[in-house]
Amino acid sequence: MGVRMIDPKLLKKDPDLIRASLARRRMPVDLGALVSKDESRRQIQKEGDELRGNHKRRSEEMARAMRMKANTDTLRAELRTLSTRISELEERQRAADSAFEAEALLIPNLLLPDVPDGGPPEENPVVSVQGEKPAFDFQPKPHWEIGESLGILDFERAAKISRARFTALLGAGARLERALISFMMDLHASRGYTEIWPPFLVNAAAMRGTGQLPKFSEDLFKCEGQDLWLVPTAEVPVTNFHAGEILPADRLPLRYAAYTPCFRAEAGAAGKDTRGMIRQHQFDKVELVKFCRPEESEAELESLRRDAEEVLRRLGLPYRVVVLRSGDTGFASAKTYDIEVWLPGQTAYREISSCSTFTDFQARRAMIRHRAKSGETALVHTLNGSALAVGRTLIALLENGQRSDGSVALPSALHPYLGGLTEISKP
RNA sequence: GGAGAGGUGGCCGAGUGGCCGAAGGCAAUCGCCUGCUAAGCGAUUGAACGCUUAAUAGGUGUUCCGGGGGUUCGAAUCCCCCCCUCUCCGCCA
């Protein structure tokens with residue numbers, strides 16, 4: 001009951017398919033233990049079903065006997081014994097179910113066949129390079145130098161009131177962050193996405209639904225003493241928005257755009273990206289989330305990626321798209337494109353969006369279904385992608401728009417959102 | 001936070017211990033009927049898991065009346081805890 005993760009039917013029928021996917025992910029997991037836990041769990045359920053059926057039939061006899069005022073002492077005693085055996089068995093069943101589930105929830109999603117094989121030392125294949133890298137007749141600076149000298153980024157005071165990996169934005173910087181959120185949301189809303197402003201704290205069931213829990217709790221912030229967690233991405237509240245629902249097929253695909261702040265503990269990132277605003281405990285992000293029929297999801301991933309790219313195109317930022325190799329693809333994802341923006345201050349492409357299809361993995365965990373034409377219920381596919389990470393977009397604008405005098409030119413697409421501001425210069 | 005009311009199928013709503021997966025109505029689907037439509041008549045229509053099966057076809061079993069515990073041979077119905085919704089009061093942006 002309530003066992004949700006990888007498809008238990010697939011585990012029973014074709015565990016080798018799951019093994020092959022795990023091997024592609026470079027995850028040596030022994031499925032044998034899981035398979036035998038599944039078997040014992042099903043065996044116990046079978047026994048329990050038989051016992052309960054027996055008890056049910058004898059109870060009906062009991063009811064009849066009571067009506068006829070017959071003597072029921074023997075029957076009553078028999079039923080009491082049966083009842084005890086059932087409770088014992090149900091105790092075992094609970095244990096077997098949770099043993100199975102605890103392990104099953106740690107199995108990552110199956111990869112799509114076209115995900116390129118390979119692991120971390122290898123580069124992820126570049127599938128597209130777009131935009132002109134700006135040419136500078138001076139040495140371009142990293143965003144933290146630009147931002148501090150313009151007085152729009154303050155790392156020290158942010159660390160004073162919080163700790164490292166927090167940044168305060170000031171003046172034109174704060175204005176730019178706010179403008180970017182509005183610009184992105186307006187763009188997506190005009191292109192068929194429904195705006196949604198979700199809660200920023202969610203419960204553990206929601207975190208489990210999208211796959212953050214139980215495996216990645218150390219990456220999350222939790223409210224002490226409460227079943228409330230700070231969202232690491234809008235994916236969590238928005239995907240779980242339809243948890244437990246059977247969506248009408250004629251309304252699919254559902255497309256949502258949501259802005260949220262994102263909170264990440266960055267537990268494994270000690271020493272990485274310690275300068276500047278690249279890796280923060282808190283950042284803003286606009287996220288696109290889709291729910292669709294299984295047969296539509298691959299096409300929806302492509303259009304999702306295009307919708308994310310559109311933001312960069314309109315901002316005039318150079319970028320490239322990579323497809324993540326099997327060993328790099330996230331736990332819940334079946335296939336992921338990363339969009340990487342060009343940062344001249346660091347002479348590197350850095351991730352600014354990640355667009356993934358989760359096939360039915362999240363839908364199974366969160367029980368999000370639709371009614372197929374044939375009439376029966378079937379899991380939907382879920383997808384999501386950043387469009388975009390706002391803080392990193394701001395960084396990219398600073399580094400790509402910088403001029404030799406230390407000022408920064410802002411793209412015309414943002415001008416309507418900036419109240420007349422077209423550049424940021426020293427006060 | 002305090003007081004009260006309530007949470008039953010897609011929706012409304014009956015049901016205070018067994019004959020209840022659950023009356024009745026609405027909605028929907030199929031059929032009949034009617035120039036068309038409406039009305040009318042008839043039938044069908046919840047989900048999960050297991051077993052069976054090539055099958056997510058069919059068959060079959062178990063479970064599910066907000067969630068969890070308890071009483072009882074037996075719980076939608078009785079008891080306890082929790083969650084949620086509504087109304088009033090308090091507080092607050």
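To find a chain, count down the sequence lines: A is the first, B the second, and so on, and within it residues start at 1.
Between the P atom of B:C49 and the CG atom of A:D7 lies a distance of 9 Å, rounded to the nearest Å. Straight-line distance from the CD atom of A:Q93 to the C1' atom of B:G50: 9 Å, rounded to whole Å. Between A:H370 atom NE2 and B:G10 atom P there is a gap of 17 Å when expressed in whole angstrom units. What separates CG of A:L228 from C1' of B:C83 is a distance of 13 Å, to the nearest Å. Distance CD1 (A:I246) to C1' (B:A48): 10 Å, rounded to an integer number of Å. With rounding to whole Å, A:K12 atom NZ is found 8 Å from B:G50 atom C1'. Between the CD atom of A:E39 and the P atom of B:C51 there is a distance of 10 Å, given to the nearest Å. The interatomic distance linking A:R94 (CZ) with B:U63 (P) rounds to 14 Å, in whole Å.
For B:A47, one of the phosphate oxygens OP1 or OP2 lies less than 4.0 angstrom from a side-chain nitrogen or oxygen of A:R371.
Looking at A:D338 and A:N124, their side chains never bring a donor and an acceptor atom within 3.5 Å of each other. For the residue pair A:N109 and A:T359, a side-chain donor N or O sits within less than 3.5 Å of a side-chain acceptor on the partner.
Note on A:E101 versus A:R41: no salt bridge recorded, every NZ/NE/NH1/NH2 to OD/OE distance being 4.0 Å or above. A salt bridge links A:E91 to A:R94: at least one charged side-chain nitrogen sits closer than 4.0 Å to a carboxylate oxygen. Salt-bridge annotation for A:K272 and A:E266: absent, with no side-chain N of the basic residue lying under 4.0 Å from a carboxylate O of the acidic one. Note on A:D38 versus A:K12: no salt bridge recorded, every NZ/NE/NH1/NH2 to OD/OE distance being 4.0 Å or above. The pair A:E302-A:R306 does not meet the salt-bridge criterion, since no charged nitrogen lies less than 4.0 angstrom from a carboxylate oxygen. A salt bridge does not link A:D49 with A:K46: none of the charged nitrogens is closer than 4.0 Å to a carboxylate oxygen. Using a 4.0 Å cut-off between charged nitrogen and carboxylate oxygen, A:R58 and A:E61 count as a salt-bridge pair.
Between B:G24 and B:U45, the two P atoms lie 13 Å apart (nearest whole Å). Rounded to whole Å, the C1' atom of B:A3 lies 41 Å from the corresponding atom of B:C73. The gap from the C1' atom of B:G59 to that of B:A14 amounts to 33 Å, rounded to the nearest Å. Distance check on atom C1': B:G17 versus B:A28 gives 35 Å, rounded to whole Å. As rounded to the nearest Å, B:U85 and B:G42 have P atoms that lie 43 Å from one another. Comparing the C1' positions of B:G21 and B:U62 gives a spacing of 13 Å, expressed to the nearest Å. Rounded to a whole angstrom, the distance from the P atom of B:A48 to that of B:A43 is 27 Å. Rounded to whole Å, the C1' atom of B:G9 lies 9 Å from the corresponding atom of B:A22.
The side chain of A:K46 lies closest to B:G50, out of B:G50, B:A47, B:G18. Of the candidates B:C73, B:G61, B:A48, B:A48 carries the atom nearest the A:M367 side chain, counting heavy atoms from C-beta on. Of the candidates B:G18, B:G69, B:C49, B:C49 carries the atom nearest the A:Q45 side chain, counting heavy atoms from C-beta on. With distances taken from any side-chain atom of A:R41 to the nucleotides B:C51, B:A47, B:C49, the minimum falls on B:C49. Out of B:C19, B:G46, B:A48, the shortest distance to the side chain of A:R67 is found at B:C19.
Remark: A:S217 engages A:L213, A:W229 in a side chain to side chain contact (heavy atoms under 4.5 Å, CB included) (not counting sequence neighbours).
Within residues 71-86 of chain A, the residues approached by RNA chain B to less than 4.0 Å at the level of any non-hydrogen atom are A:R76, A:L79, A:R80, A:S83, in residue-number order. Heavy-atom distances under 4.0 Å link RNA chain B to A:R52, A:G53, A:H55, A:K56, A:S59, A:M62, A:A63 of residues 50-63 of chain A, given in residue order.
The partner of B:U60 is B:G50, by the rule that a Watson-Crick or G-U pair needs both atom distances under 3.5 Å. For B:A75, there is no paired base (Watson-Crick or G-U wobble, both distances below 3.5 Å). Taking a pair to require two hydrogen-bonding distances under 3.5 Å in either a Watson-Crick or a G-U wobble arrangement, B:C65 remains unpaired. Both distances falling under 3.5 Å, in either a Watson-Crick or a G-U wobble arrangement, place B:C11 opposite B:G25. Across all strands shown, B:U37 forms no Watson-Crick or G-U wobble pair with both key distances under 3.5 Å. The partner of B:A5, taking Watson-Crick or G-U wobble pairs whose two distances both stay under 3.5 Å, is B:U85.
Aromatic ring pairs are classed by plane angle as parallel below 30°, tilted from 30° to 60° and perpendicular above 60°; the pair A:F291 and A:Y256 is perpendicular.
Note: A:F263 and A:F200 fail the aromatic proximity criterion, with ring centroids not under 6.0 Å apart.
Residues A:M66 and A:T377 both approach RNA chain B. Their nearest nucleotides, taken by heavy-atom distance, put A:M66 toward the 5′ side. Ranked by how close their nearest RNA chain B nucleotide is to the 5' end, A:K13 and A:D49 are led by A:K13.
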